[in-house]
Amino acid sequence: MSSLLSFYLDLVPSPPCLRCFVLQLGRDERRVDSRSICVGHRSSSNNEAFIPPKFCDNRIVSSKYTIWNFLPKNLFEQFRRIANFYFLIIFLVQVIVDTPTSPVTSGLPLVFVITVTAIKQGYEDWLRHKADNEVNKYPVTVLEQGRRVRKESEKIKVGDVLESSRDDDTCFVTTASLDGESNHKTHYTVPDTEKDLESLNATIECEQPQPDLYKFVGRMHIYKTDQEPAVRSLGPENLLLKGSTLKNTQTICGVAIYTGMETKMALNYQGKSQKRSAVEKSINAFLLVYLCILVSKALLCTILKYVWQNNPGQDEPWYNEKTQREKDTNLYLKMFTDFLSFMVLFNFIIPVSMYVTVEMQKFLGSFFITWDKDFFDPEIKEGALVNTSDLNEELGQVEYVFTDKTGTLTQNNMEFIECCIDGFQYKYQDAGTDLDGFCVTDGPVNKVQHKAGREKEELFLRALCLCHTVQVKESPEQGQGQRDGLMDQVDGLGADGEGLHPPPQEQRGFIASSPDEVALVKGAMRYGFTFLGFESKTMKILTRDNDVERYELLHVLNFDPVRRRMSVIVRSKSGDTLLFCKGADSSIFPRVRQEEVERIRMNVERNATEGYRTLCVAYKYLNAEEYAQADAGLREARLALQDREEKLMAVYNQVETGMSLIGATAVEDRLQEEAAETMEALQGAGMKVWVLTGDKMETAKSTCYACRLFQKNTELLELTVRTLEDGGRRREERLHELLVEYHKKAVQDAPPVKAGVTRAWSSANHDYGFIIDGATLSMVLNSSSESNSSRYKNLFLQICQNCTSVLCCRMAPLQKAQIVKMVKNSKGSPITLSIGDGANDVSMILEAHVGIGIKGKEGRQAVRNSDYAIPKLKHLKKLLLAHGHLYYVRIAHLVQYFFYKNLCFILPQFLYQFFCGYSQQPLYDAAYLTMYNICFTSLPILAYSLLEQHICMEVLLDNATLYRGIAKNGMLRWGPFFYWTLLGVFHGLLFFFGVRYLFGNPALQDNGQVFGNWSYGTIVFTVLVFTVTLKLALDTRHWTWINHFVIWGSLAFYVFFSFFWGGIIWPFLKQQRLYFVFANMLSSVSAWLAIILLILLSLLPEILLVVFRKLRGPNAGQMKHRLPSSGTSTIFMLSQTASTHSFSWTD
Amino acid sequence: MMASSYNAKEEDANHPGAANHAGAGVVKSKKPDNTAFKQQRLPAWQPILTAGTVLPAFFVIGLIFIPIGIGLYVTSNNIKEFEIDYTGANIDNPCYNCAKNFSWNSTAQCVCAVTFTLEQPFESNVFMYYGLSNFYQNHRRYVKSRDDSQLNGDRSALTNPSKECEPYRRSEGSPIAPCGAIANSLFNDTLQLYHIDSNGTLNEIPLVKKGIAWWTDKHVKFRNPGGNNNLTVAFQGTSKPVNWKKPVFELDPEDPENNGFINEDFIVWMRTAALPTFRKLYRIIQKKASTTPTLPSGKYVLNVTYNYPVLSFDGRKRMILSTISWMGGKNPFLGIAYITVGSICFFLGVVLLIIHHKYDNRNNSADIPN
């Protein structure tokens, strides 16, 4: 980093507040939407009334806590969570009410959880403090009263002039840490500001801080003595954002506009909305069930207790009298405290530790995605990125995949293929084979068939060379600002082309925000027109005849997705003012003379069907009057503080009319590696793939064919503006008609879907593909009448759900999100996944259950807003089929197992109440109650949930159909939950009654001595720990050494702990309940035999079930293996190979 | 925790500094390590439970369990056990009067004699138990009503017993030793056993009162305050439990090793039973050196000094004579359970074998036409 600018800088030096007075008057109305700043805090004579507005300082505070408020604030935050709060209540009940278990039993786990979380959050906050300090203490140079003063960054005030200059009023900046776009961007100083900053007297008026990185409106008033104040507009190109890095520029001076937490960067890091996974919803549902069980158990016990106590002699026999206090307590209060006591006794059924374990599983488990070397892309030298670990398991549940086209399905790596000038086609004959076809200076002349006039040709090529925002990259070794050096380099570059050097060197030179532009500039170069770069505001191009032509760049009418075109206004040396415009055909054709259109339209359409991205180029001459008008209009609009966008748009539209069409270009965008295979696998896994693109229908359709989303036998149902206009009737009517017709076809006549397994593979079944465009979609969604609207929506959804793939073209970003939302909220609330790489996909990435960003060329917005980011589309396959599948299975098992193990832990305790007079006597010792979930049974399941691979990854990747086995939250539905609950009940009953019958005669030792209640509990607990652990061992299909270690280790630890705990008289314990209980138990043969019997009997049904499943298994296994092979016949590839498909410029 | 960690992540992103650092790409550009663990390719044993592997296991389990079960069952059946209820709830019971006239205040001892006949002789050591029914020794209020440090000989706990002992903590101002409901309700019937030989004379059978409590309890967990010398002094300033007739240091005046807190009857009682119907070891009848059985068949008299009222809470008292094997007292449950489980396993093994066999055949035949 050459220098880190840690504040917003406006590259404008500016002086005192002559106008402050005026501003002050206007402030009341304007305060809301603008702020005014005196540059350098220089006040002038007439500003007594001016009170400097208060702005926040430049301290960045991202930390949440200070040393003083950490404890209370953190605790408050933690106990705001429902689970923690529940356990706190239980703890408090234990402290206040006389409960069977000591507060330690629930206090210790709670304290453990709270402490670990607090330490983790404290550490993270400490890191933030450290990073904050680094930023806040960063030394900067401030110009104060003409002196340069070193200051710490946090002391910068709004209005300070900072130094960090380049002679030609521009600087280069990258915003990699803001949006990931690593290309150099050019920013400009405000025109007409003098070099002498000390005498600069100006005020800046600008909007209030807002998070949009690409918007900024403001104006600057410059006061010069004896002159009218000059007003200059400020736009995003004058603003340097905090977090951007200065490149190729030595020094700049700027004034701070926004500081500290008001910077755009800080505003942009406001958290995203939290996504919750389906598994979490299941957990909550199960929790509710268990809570009901808990309450009903406690209620039942309380009632039975009072019924039982009504028998004479039972409540208070002579040997067991109540204390005075107990006798005095009100009956109802006593009932209530009894109820609470039972709740406390049984509260272990909802374990604190489950939250910890689930959390750890997710957090640790997500590392496997980052660590996966298959996700590592050598080109960008990056692997996968996990932004949230909360959704790991959701990757295994995806039903709908929404994918962007450009940059996601296609590479967004543009290659200039051909152009059409004045209706004549120009194409490299060789370019088809030689991808990097370079240009020989005399080449184009020979190769391009001279169909159009030379004049037109050159005009077209000049247009390509001028109408763009491409920068020529200066190599670092060449000193900045050394124009001659640059010239040499670029000349050399041209010479390279001449000298038949390999293209990478040739390519090195251009930087642009859109790859299309680079492709076009390079394309022009092939035909002999080389863009040499900017010099101040002059563009230089090298013509075919090796002349250097200079054009003064007057205005750039930037590209935006609504206009879908961009223009430049240049003045040639001869003094002609020209406007060049390029853009999508639909946006250019209406603005040119119609007689020119037809010749070119044919070419454009042909190119589009071949899958190329097409652009049309037009120009017009502006006479002095026109130019003056346009210039004034543009300047005025740029100065507007309000509605600048709209005003600019109006001026743009006004200027870009009456042009003449020169030609069109075709650029190829290749398919991503393995795009087709990936899509096929996703469909095989039962996912429906929807392509949402802003591109044209024809281009998008051919991509779909190339990706095998549509196949030869797929019947396409089209619902586009074209089909609507076919009938010649009103669109609404036609829409209705078509919807009903398609619905009949795809939904009603379609055979009922059978389990889904065979569908994608069967060729007998009809596959439908659905195509809709943006305009029609908005008609469907926002139909004129309310009733129709919901009906259309329903029909539309039903049709779509019955189609294997859906293509939505001509979508605005917001429409993409709308579609995702619609599917997300449809019946059965399917799990949706959105994948995209550009800023236009952000809305749908945020909307879907799982958002995946591709680390593509269109910047990092998508990655930043995604939940997971992967370098390439092909990685999606492994991410979903292998990782997602495994994560789901793991966490589902984890959740079920946790509920199971706590059910059979608490059930004996519940049953014991029937034998101890409902007195809330715990069956197990407090140590066991506390340690069960923390130590004895926690690690094996954690290891399982991190390492289990019930089916190995390769098999999962090869058989996409396996994914369907877990679809629709298959392992966490009520069926499996019921099974696990039943298992828990069975085990609990078995443990309790097995030992109960053993204790029919408590003389279990060969010396005739008897066992007491703690021995009883310990035997049950031993059986419990072993059974529960061995049950997990039975379920483990992937035994690594870690599994062995934790499973056998846990059991050994239990035995060791029990010996230790019972081996010493613990001075801090009130009761030595377990003293030698465990050792005595082991000295009894009967106890051994009973323990072995009960463990085996508990596991027997499980083993049987596995075996019976396996008996049917071989058949199922063979079926699975057979499927893909029988399916291959239906996998048709289009005659075109994937690589010849590419599309037009629209996204 | 779940939310908190989410927050953490959110804040990570929230954090401009951190974002810069991470953004610099030092970490990211690193290629993931190609280690078995990180790539989830640790060598693993992947057991698959198939009919083939489980079948032998079933047979083996069956073959092991059935003999064990038979062994257990036979052993249990060979154990001689005799049980007699002497509560005196019915009018025909010899102890009816004692039970009816029981009063806490009477100083006179009520003795009743219960006669019974042993059909079979009891060989080797015979264990004498007393059994109580409907006695909730496992009631929470009862279980916690004790002070283990007092029982461990702790001086301060002796004079200031734990609050858990309420309402049996203090009596008439002085601390109770041993305090608590458990100690207070110590079983204090005295049982004596006489054999009536052929000519009608009563021979008292010697009952051994040592070895009835857990060794660790007797020697470690329970200790008299100030050792075993002069317990009267050691327990000075304490009062006896309200329902006791004599103070703790007079539990066994003859044997100082069995007096005070380390009295074995007391220790046995202090180990609370698991269920409301329970038995506790009372005495041991040692095997005689001669070949004659310990308890020959014939008539016996059980002399009960009736001190312990149970009818008030509908309880029952029993005296149990039992021999003991390696598996403990008589309990057919384990034997039956083992035989059942063993048979089930064996049966399942057979069923599985048949199914497996059939399935295999069908699979094979089905596969051929394909």
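Chain A is the first sequence line, chain B the second, and so forth, proteins listed ahead of strands; every chain is numbered from 1.
Contacts of B:Ile68 with chain A are made by side-chain atoms alone, with heavy-atom separations under 4.5 Å and no backbone atom involved. With a 4.5 angstrom heavy-atom cutoff, B:Phe333 touches chain A only via side-chain atoms. For B:Val341, the part lying under 4.5 angstrom from a heavy atom of chain A is the side chain only. At a 4.5 Å heavy-atom cutoff, the contact between B:Pro47 and chain A is made by backbone and side-chain atoms alike. Within the 4.5 angstrom heavy-atom criterion, atoms from both the backbone and the side chain of B:Leu42 approach chain A. Within the 4.5 angstrom heavy-atom criterion, only backbone atoms of B:Ser325 (N, CA, C, O) approach chain A. Contacts of B:Phe127 with chain A are made by side-chain atoms alone, with heavy-atom separations under 4.5 Å and no backbone atom involved. In this structure, the portion of B:Ala273 lying under 4.5 Å from any heavy atom of chain A is its backbone and not its side chain. In this structure, no portion of B:Ile320 lies under 4.5 Å from any heavy atom of chain A. Of the atoms belonging to B:Ala213, it is backbone heavy atoms, and not side-chain ones, that fall under 4.5 Å from chain A. Using a 4.5 Å cut-off between heavy atoms, B:Asp314 makes no contact with chain A at all. Proximity to chain A (any heavy atom under 4.5 Å) is shown, for B:Leu55, by neither the backbone nor the side chain. Looking at B:Tyr282, neither its backbone nor its side chain comes within 4.5 Å of chain A, counting heavy atoms on both sides. For a residue to count as touching a neighbouring chain, one of its non-hydrogen atoms must lie under 4.5 Å from one of that chain's; by this rule B:Phe37 touches chain A with backbone and side chain alike.
The nearest pair of heavy atoms linking B:Asn134 to B:Phe313 is ND2-O, 3.0 Å. Scanning both residues, B:His219 and B:Arg223, for their nearest heavy atoms gives O-NE, 4.4 Å.
For B:Phe187 and B:Tyr130, the distance between ring centers is under 6.0 angstrom. The six-membered or imidazole ring of A:Tyr319 lies away from that of B:His139, with a centre-to-centre distance of 6.0 Å or more.
Checked for salt-bridge contact, A:Lys1070 and B:Asp148 miss the test: no charged N lies under 4.0 Å from a carboxylate O.
For the pair B:Lys221 (side chain) and A:Gln1072 (backbone), a donor-acceptor distance under 3.5 Å is present.
Between chain A and the options B:Trp215, B:Tyr168, B:Tyr129, the largest number of non-hydrogen pairs under 4.5 Å is found for B:Tyr168.
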